[in-house]
Amino acid sequence: MPTLHLLNSTFSQASMLHADKFQHANFTKIPSWVSLKSNNFSITHRGELENVHLVSLSKQDKLKEAHDYLLHMHRFNIPVAPQSYKLLLETCSKLKSLKFGKLIHRGLTENPPDFLVNCVLEMYCACGSLSDARKLFDEMPKRSMGSWVIIISAYAGEGLLEDALESYLRMQESNFKPNPYIYICLLKSFSESSYLEIGKQMHCRVIKAGFTNNVAMNAAVCNMYVKCGHLDCAERFFSLMQEKNVVSYTTMMVGCAQAKRHDDALRYFKRMVEEDVDLDEFAFSITLKACAALVDRKMGEQAHALIFKLGLQSEVSVGTPLVDFYVKCEDVESAVGAFEEIDEPNDVSWSAILCGYSQIGDFEKCINVFKSLRSEGGVLNRFMYTSVFQVCSAFADLSMGSQAHGDAIKRGLVSYLYGESAMITMYAKCGRLDYAYRAFESMDAPDTVAWTAMIAACAHHGKASEAITLFREMQASGVRMNGVTFVAILTACSHAGLVEEAEQFFRSMSSPTIDHYNCMVDVYSRAGLLKEAFDLIKGMPLEADAMSWKTLLGGCRIHQNLEIGKAAADELLGVDPRDAAAYVLLFNMQASSGRWEEAAGVRRVMAERSVRKESGCSWISVAGEVHRFVVGDGHHARAEEVYAKLEEVGFREEEEEEEEDEVGRERKRQQLVHSERLAIAYGLIATPPASPIVVFKNLRACRGCHDFGKHVSLLTGRSIVVRDSNRFHHFTNGQCSCGDYW
DNA sequence: CTAGGGTTAG
């Protein structure tokens, strides 16, 4: 190959001559002048050097320079080799540059060789201009088999089924006998169940044409059955295939993944490894997806090892699902490691890592990475906004959330179900059930997740009857319900004390999970039916988890049932000895029934195991700025005004019927004001008189502060929303939306 | 000269 040889020698000459200047010279960084001045190279044909330069430019994606140089060659009548044109056109295809593609097409000589015309045709298809492709195709003096393949493949690839079939018939009229490639292309366009019949017909034609022993052909048939939703047909066909390759295996794995049979997908993967099939990046994409879905850490790590062995970790198509796999395994560190291995991460890779940060709870990181990606002009997608909405939900940051919403609208990245559902949750968690409703109502056809998000939003805001109405509407609309929907509706019942309704919903479930049992435990516990709750845990077919016992313990605390409470605490600490909530609840319960010895014992154990109670804090966002308060806080710049306001509204700590435990006493003694009162008072002085005050607290509000909220809403006429760790409380005119039941 | 499979989510 003279061309290659010349390029190599050019390279070595350049690097030898300028070793000092070009320490890191590599193949793609050869300066353009190098090939121009080298008259002393052994050139055999006129223009060979120029052609090499042209090819070099196009291989470096320098289309503009290449085109300029092409014009230069034309001007000096230097012959341009067909191969050079081919490479130029390929670069146009790769970069999807219709503009240069057209320019180069126009610059072609009068009678270009047939294969070059096919290259132009391919370029138009690759650049997505099927109109140009069709025009050229119709005007082509000599169509080859390749031309037909290109045009049919383009139609099929774009989903233009009719055009593809028409061309298929037309080619037969022009006496071209379709080859396997034609069928492979055509089969590709039958990609949904409504095309099954025509797909089968095409399969018959394949058999009649005698292409039954073609691996690629068979993979395409398999794929057609998979995409048309007939995995069983695909499997039968697959098992009859004599020869199988990566593509056919990958196709089957995709089919299994679609049918959520991820373990079957992995079985195919194992077979592929056993049979020593050459694996490629596509095979690993789907394998990792299955590992992620199953959270099969072991399998995923083995796949990762194999990937490393084959050096495929730098491929986006492998690295991205690898990131997702580690995210699903809740191992962000490995996810970040996998991400950093990717050579050219795309927006999918970025959204996978953003999702990782948000799922794991590193909200700060998530939002910062998103912001820098955005400011650097990176490609953004809707998945990213979903993660951003999750962060805003977690921060309960309405200001950031609505900004993100606006930003997403501007970029046209919001009108899709997932993002909208995340938005419902975001607005609800920011305390704006009204906005959540608006987001929900703006959806044309809410799906399972959207309905569920809306029901959960009502549940958390204590709107049980609205939740139930929505649930009925959802049923009537025919949208499928899932386990999460039932968690939402049971939560709604639980927050409103609707025991019978909850029992009804629960009974209507075919296979409740531990989450649903725990919801029922919560329903009974809150309603004071502690015996029922305890019996339910004891009798359920699933093993109780920490949540089961914690929920029961919470109920025992509210209803002062020391006996069951102790049993629950023992069980809870058996499951998770480091659960601070268990100790705190147990301590409070012992203390409030005057068992100081036992209470002190609980504290001692806590200290021994160095379990620390989470300290309470409340915050309020005013004009986009978050103001945070802790118990008895005096650090705020307007602290004096805050305390003065508290005096003014006149609902002091002493007046309440406080919890009589030791903690409560200490607090009383020290006259420390609970953080949520400080935040509410700040809201009163810092926001306009008519606007609602929305306060957030990391722990549950106590009864005294709950009464305080009611009192202030009556006194000032303001609407006050308090979100504690459990739910939302809407205080208006001295009443709370929870009906004092929570 | 012509083709086939894949990854992100509430």
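Computed from a predicted model, the values in this text were never measured in an experiment. Sequence lines set the chain letters: A, B, ... in the order given, protein chains first and strands last, and positions in each chain run from 1.
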Checklist entry - Mind checking whether A:L306 and A:F269 have side chains closer than 4.5 Å, heavy atoms only? => result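 A side-chain contact exists here, since the closest heavy-atom pair is under 4.5 Å.
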
Nucleotide [N], atom [atom2] - distance to [atom1] of [X] in whole Å:
{"X": "A:K328", "N": "B:dT7", "atom1": "NZ", "atom2": "C1'", "answer": "10 Å"}
{"X": "A:F284", "N": "B:dG5", "atom1": "CZ", "atom2": "P", "answer": "19 Å"}
{"X": "A:F282", "N": "B:dG4", "atom1": "CZ", "atom2": "P", "answer": "10 Å"}
{"X": "A:D280", "N": "B:dG4", "atom1": "CG", "atom2": "P", "answer": "14 Å"}
{"X": "A:N118", "N": "B:dC1", "atom1": "CG", "atom2": "C1'", "answer": "7 Å"}
{"X": "A:D324", "N": "B:dT8", "atom1": "CG", "atom2": "P", "answer": "6 Å"}
{"X": "A:E344", "N": "B:dT7", "atom1": "CD", "atom2": "P", "answer": "20 Å"}
{"X": "A:M252", "N": "B:dG4", "atom1": "CE", "atom2": "C1'", "answer": "15 Å"}

Checklist entry - Got a sec: does the CD of A:E344 have more than 12 other heavy atoms crowding it under 6.0 Å? => result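 No, not enclosed.
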
Checklist entry - Heavy-atom count around A:D138 CG within 6.0 Å, excluding the residue itself: above 12? => result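 Atom CG in A:D138 is crowded, with more than 12 foreign heavy atoms closer than 6.0 Å.
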
Among [options], the one nearest [X] by side-chain distance:
{"X": "A:K289", "options": "B:dA3, B:dT7, B:dG5", "value": "B:dT7"}
{"X": "A:V254", "options": "B:dG4, B:dT7, B:dG5", "value": "B:dG5"}
{"X": "A:Q83", "options": "B:dG5, B:dT2, B:dC1", "value": "B:dC1"}
{"X": "A:I184", "options": "B:dT7, B:dT8, B:dA3", "value": "B:dA3"}
{"X": "A:Y181", "options": "B:dG5, B:dA3, B:dC1", "value": "B:dA3"}
{"X": "A:A216", "options": "B:dG4, B:dG5, B:dT7", "value": "B:dG4"}
{"X": "A:T251", "options": "B:dA3, B:dT8, B:dG5", "value": "B:dG5"}
{"X": "A:E122", "options": "B:dC1, B:dT8, B:dG5", "value": "B:dC1"}
{"X": "A:V149", "options": "B:dT7, B:dA3, B:dG5", "value": "B:dA3"}
{"X": "A:N245", "options": "B:dT7, B:dG4, B:dG5", "value": "B:dG4"}

Checklist entry - Just by distance, do the side chain of A:N118 and the backbone of A:L121 share a donor-acceptor pair under 3.5 Å? => result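 No: the side chain of A:N118 does not pair with the backbone of A:L121.
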
When all nucleic acid strands are considered with a 4.0 Å heavy-atom cut-off, which category describes [X]: base, sugar-phosphate, or nothing?
{"X": "A:E281", "answer": "nothing"}
{"X": "A:N179", "answer": "base"}
{"X": "A:D347", "answer": "nothing"}
{"X": "A:Q359", "answer": "sugar-phosphate"}
{"X": "A:V246", "answer": "base"}

Item to check | Candidates A:W148, A:Y183, A:Y181 - the one meeting ring pair (Phe, Tyr, Trp, His ring centres under 6.0 Å) with A:Y168 | outcome: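 In the set A:W148, A:Y183, A:Y181, the residue that makes a ring pair (Phe, Tyr, Trp, His ring centres under 6.0 Å) with A:Y168 is A:Y183.
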
Next on the checklist: So, taking the atom named NZ in A:K188 and the one named CD1 in A:I152, what distance separates them when rounded to the nearest 0.5 Å?
Outcome noted: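 It is 13.5 Å, given to the nearest 0.5 Å.
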
Next on the checklist: Is there, by distance only and without an angle test, a donor paired with an acceptor across the side chain of A:S351 and the base of B:dT8 below 3.5 Å?
Outcome noted: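 Per atom types, the contact qualifies.
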
